[in-house]
Amino acid sequence: MRMSKLFIRTLREDPAEAEIPSHKLLLRAGMVRQVAAGIFEFLPLGQRVKHKIEQIMREEMDAIGGQEITMPIVHPAELWKRSGRWYEIGDDMARFKDRNGRDYCLGMTHEEVITDLAAQMVDSYRQLPFMLYQIQTKFRDEPRPRGGLIRVREFTMKDGYSFHASFEDLDAYYPKVYQAYFNVFRRCGLDAIAVESDVGMMGGTMAHEFMALTPVGEDTIILCDRCGYRANRQVATFLKPTPPDEAPLPLEEVATPGVDTIAGLAAFLGVPESRTAKAIFLVAEIQAEDGSTQERFVFAVVRGDMDLNETKLANAIKARRLRPAHPDEIRAIGAEPGYGSPIGIRRENVLVVVDDLIPRSPNLVAGANKPDTHYRNVNYGRDFTADRVADIVAAAPGHACPVCESPLRAERGVEVGNIFKLGTKYSEAMGATFQDEDGQIRPIVMGCYGIGSGRLMASVIELNHDPHGIIWPVSIAPYHVYLVGLGTAKAHQVVEAADRIYFELTQAGIETLYDDRDERAGVKFNDADLIGLPVRLTVGGRGLERGVVELRNRRTGETQEVPVDRVIQGVRAVLDQEWARLRAMLKEETL
RNA sequence: CGGGGAGUAGCGCAGUCUGGUAGCGCACAGCGUUUGGGGCGCUGGGGUCGUAGGUUCAAAUCCUAUCUCCCCGACCA
């Protein structure tokens with residue numbers, strides 16, 4: 001491709017709207033353009049990267065028996081009503097009516113559609129297992145898109161779904177997907193890690209998220225350097241400290257005027273935060289057994305030195321949704337914001353959930369449910385009890401690893417993919433059943449697996465750039481060679497040499513972007529660095545006089561001169577080295 | 001949805017407080033010069049100042065409403 005013909009416009013300055021490196025570089029290198037909040041166009045260079053990423057996904061999915069299909073982006077409401085998600089999902093789903101007034105939505109994921117497909121196609125265990133996938137557009141009307149391609153509303157996702165006759169068969173297949181996912185990311189030059197994740201509302205039994213560790217990530221990952229334990233903070237556990245062994249002391253009211261925070265309380269009374277209990281007031285939407293949902297006031301209690309983990313709490317009480325309670329709701333149950341404890345509150349419609357460390361912690365300081373007053377020596381069992389005792393606090397750096405007790409560490413990560421044992425939630429709802437060997441009708445057991453291609457592309461940039469621009473891994477670089485021709489009309493012998501080398505590279509099947517523009521060397525070099533192809537080849541008058549051209553590795557910065565008649569070999573050598581580097585990242589993973 | 005910021009040429013910005021016929025840099029077109037890390041000179045094209053009302057002799061500037069975008073938070077199947 002000739003740069004003079006390429007539909008591109010590189011930018012010298014960072015667009016004002018971009019904050020994070022990948023967003024700035026994608027815009028500056030002319031790979032994408034934003035059309036609206038969270039809605040992007042992929043321009044020719046960006047499109048080539050995206051296409052290569054998707055081709056890698058295809059190959060890895062095919063390698064584990066996947067078959068590619070395309071499902072619609074517009075879904076009839078009827079399918080989503082059958083799964084119930086038409087009613088469960090809020091404004092994230094874009095809905096509309098057709099000319100006849102029928103309800104539709106834009107697909108935010110495709111469990112409903114594909115389960116309906118399976119329901120129609122599958123009758124017998126003989127047809128199982130199989131895995132279908134597609135690479136297709138999703139639309140989720142996110143409340144807040146951000147970070148360029150990191151979090152968008154319209155995006156392309158590789159979503160795969162496997163169908164099995166038994167949980168055992170799904171269990172056997174899941175590790176293959178796990179390995180295939182590592183292969184996808186590593187072949188894209190991304191060293192992602194897998195973490196345990198929340199199965200929550202998807203109703204599955206096991207799930208992993210693949211995380212690209214970068215400060216721009218929206219998730220917090222808790223990890224142990226010693227034993228390799230790693231989990232999303234939403235589900236991460238830790239070994240809780242052993243509380244002091246003390247005999248319960250008499251409950252004692254203490255005036256604490258104006259002290260309504262844990263930090264203030266600990267300072268005021270001269271006790272460590274670990275000797276206090278804090279109350280968090282929430283309202284949960286809980287689904288009853290008959291399917292109806294009801295709101296319940298949730299009174300959560302955790303130790304003062306720890307933070308509530310809402311995901312754990314929601315799972316512990318099977319809440320569909322949690323929101324902070326309003327002050328008047330808090331007072332209605334007899335508690336006082338800032339001075340709350342479960343002692344003496346009205347318990348009728350209140351669900352008291354305490355962290356499992358609370359019953360073991362004697363003589364805590366807790367609120368007295370009236371302004372400016374706390375209790376000393378609060379003891380679980382004697383002074384109050386709970387409806388549920390569970391682990392509901394968030395793991396944090398410094399906490400002890402649940403496996404090896406070493407101090408845990410936290411990092412930020414971008415979720416580039418996830419895999420999920422779905423089970424029979426959708427097959428039961430959508431009537432996707434099969435007849436087993438014994439003639440029994442059973443629901444198909446499902447798994448689902450997703451990777452966002454744009455987010456993956458942005459994550460690769462986050463981890464592969466320098467102050468000059470992007471450094472594409474060779475596997476997904478839009479082209480492999482950036483050929484800089486430094487000749488102009490007056491130095492036509494240089495132009496001719498560059499043209500000839502461009503021809504030879506192309507003939508040799510080497511993907512080349514030929515900068516044939518009438519620009520100064522600096523402009524071309526800067527664009528080459530910005531666009532970030534693995535190899536830069538410079539053809540200039542100075543070198544030609546000695547019969548050489550300059551070959552530069554974008555990643556390492558290594559520069560060498562090669563004879564004009566050995567350009568192809570020279571380029572191939574550098575590219576081979578880059579491919580070898582990616583291959584070296586591949587390795588076996590065990591679950 | 002809560003908090004903060006911003007909409008002026010393709011991009012980055014000044015001008016707004018204090019109303020008076022819209023400007024700078026880059027980019028773009030032409031010419032010349034230059035030619036291995038974003039050169040220089042001359043000439044030129046391009047903006048109903050987000051939109052709609054209002055105040056005024058006069059509005060980018062003041063008032064009202066509204067839309068959009070970005071950041072932090074909430075949310076994220």
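With hydrogens and angles left out, the side-chain atoms of A:D499 and A:Y514 include a donor and acceptor closer than 3.5 Å. Counted by atom type alone, A:D198 and A:T311 present zero donor-acceptor pairs between their side chains at under 3.5 Å.
In this structure, the CG atom of A:L11 is 12 Å from the P atom of B:C28, given to the nearest Å. In this structure, A:E17 places its CD atom 14 Å from P of B:G7, rounding to the nearest Å. Taking atom CZ of residue A:R9 and atom P of nucleotide B:A9, one finds them 13 Å apart after rounding to whole Å. Residue A:R28 contributes atom CZ, which lies 20 Å from atom P of B:G10 at whole-angstrom precision. Between A:R517 atom CZ and B:G38 atom C1' there is a gap of 10 Å when expressed in whole angstrom units.
For A:E550 against B:G36, a side-chain N or O and a base N or O form a donor-acceptor pair under 3.5 Å. Applying the 3.5 Å distance criterion, the base of B:G2 shares no donor-acceptor pair with the side chain of A:R144. The base of B:G12 has none of its N or O atoms less than 3.5 Å from a complementary donor or acceptor on the side chain of A:D14.
A 3.5 Å limit on both hydrogen-bonding distances identifies no Watson-Crick or G-U partner for B:A9. Across the strands present, B:G37 finds no partner; the criterion is a Watson-Crick or G-U wobble pair with both atom distances under 3.5 angstrom. Judged by Watson-Crick or G-U wobble contacts below 3.5 Å, the nucleotide B:C75 has no partner. Within the shown strands, nothing qualifies as a pairing partner of B:U16 under the Watson-Crick or G-U definition with both distances less than 3.5 Å.
No salt bridge links A:R95 with A:D103; every basic N to acidic carboxylate O contact stays at or beyond 4.0 Å.
Rounded to the nearest 0.5 angstrom, A:N309 CG and A:D355 CG are separated by 10.0 Å. For the atom pair OH (A:Y482) and CG (A:D515), the distance works out to 3.5 Å, reported to the nearest 0.5 Å.
For the OP1/OP2 pair of B:A27 and a distance below 4.0 Å, the side-chain nitrogens and oxygens of A:R12 include at least one atom meeting the criterion.
In terms of position on RNA chain B, the residue among A:G38 and A:E142 whose nearest nucleotide sits closer to the 5' end is A:G38. Ranked by how close their nearest RNA chain B nucleotide is to the 5' end, A:P145 and A:M108 are led by A:P145.
A:R146 comes within 4.0 angstrom of a base, heavy atoms only.
Among the nucleotides B:C11, B:G36, B:G38, the one closest to any side-chain atom of A:L486 is B:G36.
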